[in-house]
Amino acid sequence: MVDQDALHQALVGALGAAGVLEGDDIGPAYFEDISHERSGRPWLVLRPSSTAEVAQCLRLCHRYGQAVVPQGGMTGLVSAGVPIDGEVALSTQRLARIEEVDASNATITAQAGVTLQQVQEAADAAGYFFPLDIGSRGSCTVGGNLSTNAGGNRVLRYGMMRDLVLGLEVVLADGTVIDGTHKMVKNNAGYDLKHLFIGAEGTLGVITRAVLRLHPKPMSQAVAFCSLPDFGTGIRLLRYLEGALGGRLSAFEAIWHNAYQLVLDGVPRVRPPLPSKNPFYVLVESLGADPLHDGEQFEQVLHQALAQGLVQDVVVGRSEREVRALWEVRDAVSEAVLKLDPFLSFDVSMPVDCMEPFARDVIERIGARWPEARIGVFGHVGDGNLHLVTDAGGHATPRAVMDELVYDATRAVRGSVSAEHGIGFQKRGWLRYTRSDEEIALMRLLKRSLDPKGILSPGRVVDMV
Ligand SMILES: Cc1cc2nc3c(=O)[nH]c(=O)nc-3n(C[C@H](O)[C@H](O)[C@H](O)COP(=O)(O)OP(=O)(O)OC[C@H]3O[C@@H](n4cnc5c(N)ncnc54)[C@H](O)[C@@H]3O)c2cc1C
């Protein structure tokens, strides 16, 4: 039993009154993530403003055996940051400084609570490019992006968050600070410890600071929105563009007809670039270094794709405004699906050639059971990552029933139950569909070693019993 009075006093002593929210001062933003699947009221919200304060918070919570859940922007989709009643939430809101943009080493050092958009803008202002990009960019944080190993729209070219980090500073459950804020690309001196914390969803430590890797700012951006006759043609188009664009292909985002329709019905500000009559749409982006010729070459490549029957119709963005409008269609998919009620969302990955039969199978099975169900399928096809969302026809369908349907199909194609959103609470029971018993045993061993009292985000990711 935690001695709450003593711990409360010690935490207020460590952070000052402004650093600890309690009672009615704790607003609903701390109760739920963006999936709204689960809700919990934290006993306290800790708002440390430095690594030393994070360390002090964890040292105290460790001493008193108090469970802690780290929170960033709360845009997560698997409830990992949602408190269990009585837990303490540790928010990174006040760890919000970009500390350095290092032009020589092409790095940016940011505290964990800095938003992704702030990182992108700081990189841009310094003449660099930070390529991670997801629809929640204005609210999600560096710490959240790292802890979920976020992916998004440009993984095809630049990799996931894991690939964009050189060093991390992390505070362990007992308050020990691990300063790994290196700026080296190569560092084979023993285990690469940062990878333990990337994608760990706050279960192994609290990330306080990161050295992120910047890329040269693209000098040209060409975007097109294409309609396709079928998914197989989409794969052929992907492979064709990878070769024909000479490594400049940076996004290949597929939108099934059903998800396109959700946008047209649910986000009226979006003007459809193509009529809604085709089975598939793909947003294609190329980032290059030759503004004089890249756009022209991009259009030539797409002309050839048209001539070869790899696309049925295509709209090319010819100005910055048009490019933005095409990207807005893709971003609007994420916005439109959030309007489904209930909102049952899946994020799975699999070999690219399994994606279409998988989606067809799942759509058929959902349709057979809930004929009025609205379904949307879209994804980062270049990475074998599908998002599937449904409202189960508005029925209060137990999540587990829909999960079983989707994850059985995922297991059948040897896919993963989480491509980029993580496991959290939502998918913990399905981890074994993707990970072997031995892998899960090793995860438990790591958890016990780094957090022997089990105070960090207990119950998320891996079941400890
Ligand atoms: C419109 C929209 C589009 C999205 N698109 C994508 C997408 O394309 N790809 C994608 O991968 N995700 C996407 N997401 C999901 C989400 O934005 C990401 O998971 C994001 O990385 C979460 O960041 P956050 O700061 O909001 O984290 P939170 O939701 O606050 O937390 C997520 C997890 O990280 C942990 N955590 C947070 N900060 C820390 C820290 N400093 N140290 C340790 N643990 C921490 C939390 O405990 C929790 O487990 C989307 C979400 C929305 C709403």
Side-chain angles (χ1 to χ4, degrees), residues 29-30 32-36 42 48 51 54 58 67-84 87-96 110-119 132-155 160-162 168-173 196-210 251 253 267 330-339 343 345 347 349 378-380 383 385-387 389 418-426 428 451 456-461:
Y30 300 100
E32 295 179 3
D33 69 5
I34 206 87
S35 71
H36 303 299
T51 301
V54 173
L58 290 182
V68 182
V69 59
Q71 293 187 343
M74 292 297 268
T75 68
L77 291 163
V78 292
S79 309
V82 175
I84 302 173
E87 276 182 355
V88 159
L90 190 153
S91 168
T92 56
Q93 276 159 344
R94 297 210 297 167
L95 296 170
Q111 287 185 305
V114 171
T115 66
L116 173 58
Q117 190 168 332
Q118 287 167 330
V119 171
L132 187 86
D133 191 38
I134 60 182
S136 53
R137 61 185 80 78
S139 314
C140 65
T141 62
V142 167
N145 297 154
L146 286 161
S147 301
T148 57
N149 186 23
N153 301 334
R154 297 199 175 105
V155 173
M160 299 183 76
M161 192 60 171
R162 189 184 293 286
L168 281 191
E169 179 186 76
V170 180
V171 183
L172 300 183
L196 284 177
F197 304 97
I198 300 171
E201 300 178 59
T203 58
L204 299 181
V206 175
I207 295 168
T208 42
R209 175 183 275 124
E253 294 289 304
V267 192
R330 172 60 186 83
D331 281 350
V333 179
S334 310
E335 186 180 331
V337 300
L338 285 171
K339 296 186 176 175
F343 170 61
S345 122
D347 155 51
S349 61
F378 57 104
H380 316 293
D383 323 320
N385 179 184
L386 263 193
H387 297 307
V389 292
S418 174
E420 58 179 11
H421 294 165
I423 294 291
F425 279 118
Q426 195 193 83
R428 195 185 55 181
D451 180 16
L456 275 179
S457 297
R460 284 79 164 178
V461 185

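Whatever order the structure lists them in is the order used to number ligands and atoms, beginning at 1.
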Revision key, fill the gap. In short, Met74 meets Tyr30 closest at the heavy-atom pair CE-O, 4.1 Å
**Study point:** Salt bridge Arg460-Glu201, side-chain N to carboxylate O under 4.0 Å
**Key:** no
Practice item. Using the test side-chain hydrogen bond (donor to acceptor under 3.5 Å, both in side chains), find all partners of Thr115 that sit at least two apart in sequence or belong to another chain. Key: Gln118
Point to revise | Gln426-His421 side chain donor-acceptor pair, cut-off 3.5 Å | key: no
Exercise for review: List for me each residue that meets side-chain hydrogen bond (donor to acceptor under 3.5 Å, both in side chains) alongside Glu169, sequence neighbours excluded, and say none if there are none.
Suggested key: Thr51, Thr208, Arg209
Revision key, fill the gap. Hits for side-chain hydrogen bond (donor to acceptor under 3.5 Å, both in side chains) against Gln117, two or more places apart or cross-chain, chain-then-number order -> Glu121
Study note, to complete from the structure: Sorted by chain and residue number, the residues having a heavy atom closer than 4.0 Å to an atom of ligand 1 are Ile34, Pro70, Gln71, Gly72, Gly73, Met74, Thr75, Gly76, Leu77, Ala80, Gly81, Thr92, Ala112, Ile134, Gly135, Ser136, Cys140, Thr141, Gly143, Gly144, Asn145, Ser147, Thr148, Ala150, Gly151, Gly152, Glu201, Gly202, Gly205, Val206, Ile207, Ser334, His380, Glu420, His421
